[in-house]
Structure formats: C-alpha cells, structure tokens
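One structure is given below, encoded as structure tokens.
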Amino acid sequence: MYYERPETLQDASRLLAETKGTAYILAGGTDLLVRAKSDHFEADLMVDIKSIAELRTVHHTAEGFAIGAAVSCADLGRHAALKAAWPGVVEAANLIGSAQIQSRCTIAGNLCNASPAADSVPAMVAAGARAIIAGPAGMRTVPVEAVPVAPGKTSLGQGEIVATIEIDNRPPRSGDAYLRFIPRTEMDIAVVGAGVSLTLDETGTIQSARVALGAVAPTVMLVAEAADAILGTRLEYAALERLAEACSAACRPINDKRGTVEFRKKVAGVLARRAARIAYDRSRGA
Amino acid sequence: MSGLAVSATINGDEVEYLCQAEETLLDVLRNRLGLTGAKEGCGTGDCGACSVVLDGKLVCSCLVLGAEVQGATVETIEGMAKGDTLHPLQTKFLEHAALQCGICTPGFLMAAKALLDANPDPTEEEIRFGLAGNLCRCTGYDKIVRAVQAAALEINGG
C-alpha cells in the first residue's frame, strides 16, 4: 500500500483519479483504519487529506459555515458560533465515540462512511447541509443526503472528495436538536436517531421544518410528511402525535440484535417528538 | 529495509524512524522505538489501552498510521514521570489501588491527564464520561475515578 499526504485538493483528487487500484481517503481514520485491519480489506493507496490547509478550518461567513472535511468533531464542539447557531448538529457530532475518537473523527467522514446509523448525518440532513465535492471535473454541490446511497456506499465518483460541509446561518427564531437511542449512556451505535430543525414566525407558529431519521432504513431519511405534520402549528399535543405517527410510518428498519422492527418504528416517533420539543424551545430562546 | 521516513518529537526527543504505510503508530512505538507502555487491547479504538497524546489531542495510537505522525509531537506514558518523580496521577493510582493487572493503566493515565489538562476540576460525571473510551476488566472503575479525583485535588493544591 502507498500512503500519500497531498497539500492541495487538486493533488488529492488527481492521486485518487489516477490510481488503478483500490484507493481510500483518510481523514480521521476512526472507521477506515478499523476496516483496514480486517482480513478482507485491500487498499493500494490511502490519501491523507489532513495536510490540505483549507480542509482544516471552519469558515464562518455572512452566508453560513463551511466546515472543512478534516476538522475533528472535538474541534466542532469548541466552535462557539457554530454551537450557538446549530447546537443539534454539534451535539450529534460530539456523540460519536470517546474522547480519543472525538480527537480524530470528522462529520465528512461520518457521512462518507455511509453507515445507516451515523449520528451526525440526520442532524446535518435536518439542517439542510450541503456537501461540496471536489473532483477531476471541478467542484459540485449536493445535499448531504445525496452522498450515502446504500450501507457503506456513496455516490462519489473516482477522484471525488467531500471537501467541505456547508450549513447556512440561522434566521431568527430557529433551533435544531438531535437525539438517539442507545441501550447504554455512552459509547454505542444508534438504534434509532432523529434530527429536527425548525424556524418559527413571531407568534411561535412553525414556518419551516425538516425532520430526518437515522438507523431505520439503509440510508438516512428526510421525512417530508413528518415536517408537514407540524408546519403551521405551535407544536401542540396533536401536532406532536401526527409527527410521531409520520415518523413511525416512514421507517423501513431491519431486525437485528440492537432492535426489532417494531421497536425501532415506535422509538423513531418518540425520539422525533422529543427532538422537536427541544428544537422548538431553542427556537423560542427558552 | 525500505519504508517511509518519518521524523517526529516523542516525549520531547527528536525521533526518526522508517515504517511501512500500513503500520500504526502503536506498532511503531512498540516494535520500532521500544516504547511498550501503550498496549494493544482491541486494535479497533474501543478499549483505549493504546492512548497517547498526538499534537495535544488524546488519540488511540492503534487508529493512527505511523506515517501520519511526520512533523508531529507525541506524548506517551513513558514521558509522564519526570525522572524518578511520578506524576500525581501515577501516585494516586498507586495509593488508591486503581490498577490490578495493569494492562489498561497506561491508557487510563494518558486519558486522565488529557482530561485534567483540559478540565482541572472535573465532576465525577465528567471523569466517567472523559474516561469512557478506556476499558478496565479488573477494578470496576470506582478506584480509578477516586484516584483521578484525588489527583485533581492535589494538582489544584487541595
């Protein structure tokens, strides 16, 4: 195997595009280097993107936040402006693994690892985040939910790299939240995850909403029916009931040792309403 | 033998080594540099026995490539005591019997030091969350938590 550490996105993309063997992008390595130890893993090239200066920073502009693909989740947790604007996204990113893992793991890596249970992904989808992808043909922008296409598979072509995750600034009276269910308090993989992002009008009525679910389908789900169920409401009991029903109905989970189909459907609704409640309170500045 | 030439600062010393692209930092520390304090428990970032500090951040050295360390600063358990003087965490681990078989101890000490460096006066809950990436099959964790609390008190002049 070859290890390369390019200093520009163009060089990284060229290395990936020109290789004839199997190539991987190395950011935090917390998933890739675990897989690299399995007997079935073969890599001819690893391209470490952590020496590309523009991928190592969070830029906050008049439009929003541009989070470089090599920024660790621990560093996101220390970014005061991002945390204030998007507490749900940052909390989701900070739920991943231990202090040791937090030092290295990235949300771009979490997205590209394409696990259905990735914690930061439903929060990013609810936030309307975009992935800026660099490749041999230049740059393109897609909604983050367009990156994972199946467990472990992405829509990236050869030579393409998710370089940046972009999230807009917040209009007034907006808030987001992410909750997951795990059978213990820490260090586990989501059985179900739910991200909600809301913007209210001056009377406290929900003007726009996005609801995303994780670990209940092969890829993250943006549940439009769940958002519709709470639009125009002040999140009264009946609206929360409709939200939960829409989430449970949208799930297409599997049965496995961590949860049954029935359990996951039920919990998706429960978590979505709890996350909506938190997002609503945050929107009101409560 | 061919390999990637890497220079790094390890426990304050300038170190140069050759390693293969697949080799982890843990492999390099143990097999090439003779620093056997960091242990391989799981090799998958779950147990924390291989914890070291890389450029000021606590990491599992089993999930870092040796080649990635070019130009970086690494602190391992071997650098924790200053000569014959143990770090307060090491002293308190001994006093509180916070170890039995000892395999997890270097990792716990590195993680506890990283925790106290960032948060000198943690609550018990913060200690337990801060050390959640380190597994111990002997102590039941309580003695480790007490030792970290005692060390924090001593470091803070209590």
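Order of the sequence lines sets the chain letters (A, B, ...), proteins ahead of strands, with each chain counted from 1.
Judged as a ring pair (Phe, Tyr, Trp, His ring centres under 6.0 Å), and not counting sequence neighbours, B/F129 has no contacts. Every residue meeting the side chain to side chain contact (heavy atoms under 4.5 Å, CB included) condition with A/A279, not counting sequence neighbours, appears here in chain and number order: A/A177, A/V196, A/L198.
Of the listed residues (B/C42, B/G43, B/A111, B/G45), the greatest number of heavy-atom pairs within a distance under 4.5 Å of chain A belongs to B/G43. Comparing B/A114, B/G71, B/G48, B/C62 by heavy-atom pairs within less than 4.5 Å of chain A, the highest count is held by B/C62.
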Would you please test A/I101 and B/L63 for side chain to side chain contact (heavy atoms under 4.5 Å, CB included) and show each step?
-> CA-CA 9 Å; A/I101 300 302; B/L63 295 187; 4.0 Å; yes
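Taking 4.5 Å as the heavy-atom cut-off, none of the residues of residues 86-105 of chain B approach chain A.
Of the atoms belonging to A/L26, it is side-chain heavy atoms, and not backbone ones, that fall under 4.5 Å from chain B. Proximity to chain A is absent for every atom of B/L131, based on heavy atoms less than 4.5 angstrom apart. For chain B, the nearby part of A/M187 is the side chain; its heavy atoms alone come within less than 4.5 Å.
When all heavy atoms are compared, the tightest approach of A/L33 to B/V64 is CD1-N, 3.8 Å. When all heavy atoms are compared, the tightest approach of A/A99 to B/G130 is CB-O, 4.1 Å.
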Chain A against chain B: donor-acceptor pairs under 3.5 Å:
unit_1	atom_1	unit_2	atom_2	d
B/E22	OE2	A/M1	N	3.1
B/G43	O	A/K37	NZ	2.9
B/S51	OG	A/Q100	NE2	2.8
B/K57	NZ	A/D75	OD2	3.0
B/L58	O	A/S103	OG	2.6
B/C62	O	A/K37	NZ	2.8
B/L63	O	A/R104	NH2	2.8
B/E68	O	A/R5	NH1	3.3
B/E68	OE1	A/K50	NZ	2.6
B/E68	OE1	A/R104	NH1	2.9
B/E68	OE1	A/R104	NH2	3.3
B/E68	OE2	A/R104	NH2	3.1
B/Q70	O	A/R5	NH2	3.2
B/N134	OD1	A/Q100	NE2	2.9

